[in-house]
Amino acid sequence: MERVDIAIIGSGPAGISAAINAQIRHKSFYLFGSAALSDKVQRSELISNYPALPDISGAELNERLTEHLKKAQIPVTEKRITGIYKMKSCFVLLADQEEFEAKSVIIATGTEAVKPIKGERELLGRGVSYCATCDGNLYKGKTIAVVCDNAPMEEEADYLADLAGKVYYLPLFQGGSFSAENAETLSSPITEVLGEQRVNGIRLKNGEEIAVDGVFFLKQSVSPAVLLRGLETEGGHVTVNRAMETSVKGCFAAGDCTGLPYQITKAMGEGNIAAHSAFKYLSDKENVK
């Protein structure tokens with residue numbers, strides 16, 4: 001397995017900025033995310049405060065960013081990172097059943113579209129999972145709940161339905177196509193994952209409680225606090241200093257995930273700073289040897 005200098009998680013403005021700077025400095029890196037780039041940017045009707053590009057639409061900006069990545073020959077690795085582990089000499093990143101290694105990490109995942117509910121983080125690894133491929137086999141013939149926040153992830157819901165005995169499906173978007181003989185779509189949203197040592201049920205907004213053996217949250221991105229143990233957050237945002245350093249040495253963060261203001265120009269600048277801080281971290285490590 002190739003160990004790269006930097007793993008950049010997120011293909012929005014902050015992640016792209018970091019990747020471009022890494023390419024210029026001849027660092028090896030992964031840029032994890034979607035080849036379609038940021039959906040949030042795409043939906044922006046008009047961006048008025050981007051210097052030299054007045055009154056540009058989000059779709060146009062994404063198109064220009066895509067062109068820049070192609071010109072710089074920077075590929076987007078379309079993998080959803082579900083876990084980061086700090087080892088003695090590197091970081092190990094999990095994407096389904098694949099592992100990637102990097103000497104440093106830049107988290108640029110943006111803000112969570114769907115906030116965690118009660119019990120979700122507390123029971124992670126004890127019946128709560130973010131990875132269908134990793135944990136689906138543990139629930140063969142069992143009863144599970146699947147919470148999905150976007151249509152592309154319904155492929156993973158199909159995979160889980162093939163394994164489980166019964167699926168309670170809770171879509172958080174309109175226009176999905178998931179359907180399975182052993183699945184029941186619930187109209188009332190989930191408000192709590194129930195259980196003490198392990199998941200034993202879910203509670204819905206209408207007050208109904210349903211017994212389940214596990215709950216899968218199929219989200220576009222996983223909360224940074226869940227991704228990396230020991231990462232300090234406040235108010236749902238990653239805590240950073242002016243160098244974009246987090247509480248975990250070798251890990252940096254940039255963009256909306258670091259807090260207000262949620263601005264594209266701010267994200268671009270923070271991505272640049274995070275990249276240069278990563279360069280310094282890598283240089284310092286080399287000098288210690």
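Values below: every heavy atom of this structure, side chains too, minus hydrogens, waters and symmetry copies. The structure presented is a predicted model; accordingly, all values stated were derived computationally and were not measured.
Here the side chains of Y85 and L94 are in contact, with some heavy-atom distance below 4.5 Å. For the pair R80 and M153, the minimum side-chain heavy-atom distance is below 4.5 Å. Between L37 and L69 the shortest side-chain heavy-atom distance falls below 4.5 Å.
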**side chain to side chain donor-acceptor pair (under 3.5 Å) evaluation trace for E2 with S28** = CA-CA 10 Å; E2 179 189 6; S28 59; 4.8 Å; no

**Request:** Evaluate the criterion side-chain contact (heavy atoms from CB on, under 4.5 Å) for residue pair L186 and I210; output intermediate values, then yes/no.
**Result:** CA-CA 11 Å; L186 303 177; I210 299 174; 3.7 Å; yes

**Request:** Show your reasoning for whether side-chain contact (heavy atoms from CB on, under 4.5 Å) applies to I81 and L227.
**Result:** CA-CA 8 Å; I81 301 301; L227 279 178; 4.1 Å; yes

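A donor-acceptor pair is defined here as one N or O able to donate and one able to accept, closer than 3.5 Å; no such pair exists between the side chain of S11 and the backbone of I16. Without hydrogens or angle criteria, K219 side chain to C148 main chain gives no donor-acceptor distance under 3.5 Å. One N or O on the side chain of N21 and one on the backbone of S17 form a donor-acceptor pair closer than 3.5 Å.
In this structure, L194 stands alone, with no Ile, Leu, Val, Met, Phe, Trp or Tyr side-chain heavy atom under 4.5 Å from its own, directly or through other members.
Contacts of N182 classified as side-chain contact (heavy atoms from CB on, under 4.5 Å), with partners at least two apart in sequence or in another chain: A161, V167, A180. Here K166 pairs with E184 under the salt bridge (charged side-chain N to carboxylate O under 4.0 Å, His left out) rule; sequence neighbours left out. Remark: K40 engages D256 in a salt bridge (charged side-chain N to carboxylate O under 4.0 Å, His left out) (not counting sequence neighbours). In this structure F29 satisfies the ring pair (Phe, Tyr, Trp, His ring centres under 6.0 Å) test with no other residue, sequence neighbours excluded. Evaluation of the ring pair (Phe, Tyr, Trp, His ring centres under 6.0 Å) rule for F91 yields no partner, not counting sequence neighbours. Residues passing the ring pair (Phe, Tyr, Trp, His ring centres under 6.0 Å) test with Y139 are F216, sequence neighbours excluded. Y262 meets the side-chain hydrogen bond (donor to acceptor under 3.5 Å, both in side chains) test with H237; sequence neighbours excluded. With sequence neighbours excluded, the residues that form a side-chain contact (heavy atoms from CB on, under 4.5 Å) with A157 are V146, Y169, F178, L218. In terms of the salt bridge (charged side-chain N to carboxylate O under 4.0 Å, His left out) criterion, E232 has no residue partners (sequence neighbours excluded).
Residue D5 forms a salt bridge (Lys or Arg N to Asp or Glu O under 4.0 Å) with just one option from K27, K103, K285, and that option is K103.
Taking hydrophobic clusters as Ile, Leu, Val, Met, Phe, Trp and Tyr residues chained together by side-chain heavy-atom distances below 4.5 Å, I20 shares a cluster with F252. Y281 and V4 are members of different hydrophobic clusters when ILVMFWY side chains are connected at heavy-atom separations under 4.5 Å. Cluster annotation: V41 and I107 are assigned to distinct hydrophobic clusters (Ile/Leu/Val/Met/Phe/Trp/Tyr, side-chain heavy-atom contacts under 4.5 Å, transitive).
Within 6.0 Å of CZ on R229 lie no more than 12 heavy atoms contributed by other residues, nucleotides or ligands.
Between E208 and S188, the side chains place no donor N or O within less than 3.5 Å of an acceptor N or O (distance only, hydrogens not considered).
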Between side-chain atoms of residues 125-135 and protein atoms elsewhere (two or more places apart, or another chain), which donor-acceptor pairs fall under 3.5 Å?
residue	atom	partner	partner atom	Å
R126	NH1	E196	O	3.1
R126	NH1	Q197	O	3.1
R126	NH2	E122	O	2.4
S129	OG	C131	N	3.0
S129	OG	C131	O	3.3
S129	OG	D135	OD2	2.6
Y130	OH	E120	OE2	2.5

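For residues 245-254, the set of pairs meeting the side-chain hydrogen bond (donor to acceptor under 3.5 Å, both in side chains) definition, not counting sequence neighbours, comprises N241-E245.
We find the CG-CD distance between D158 and E155 to be 7.5 Å, quoted to the nearest 0.5 Å. Taking OG1 of T77 as the reference point, atom CG of L31 lies at 7.0 Å (rounded to 0.5 Å).
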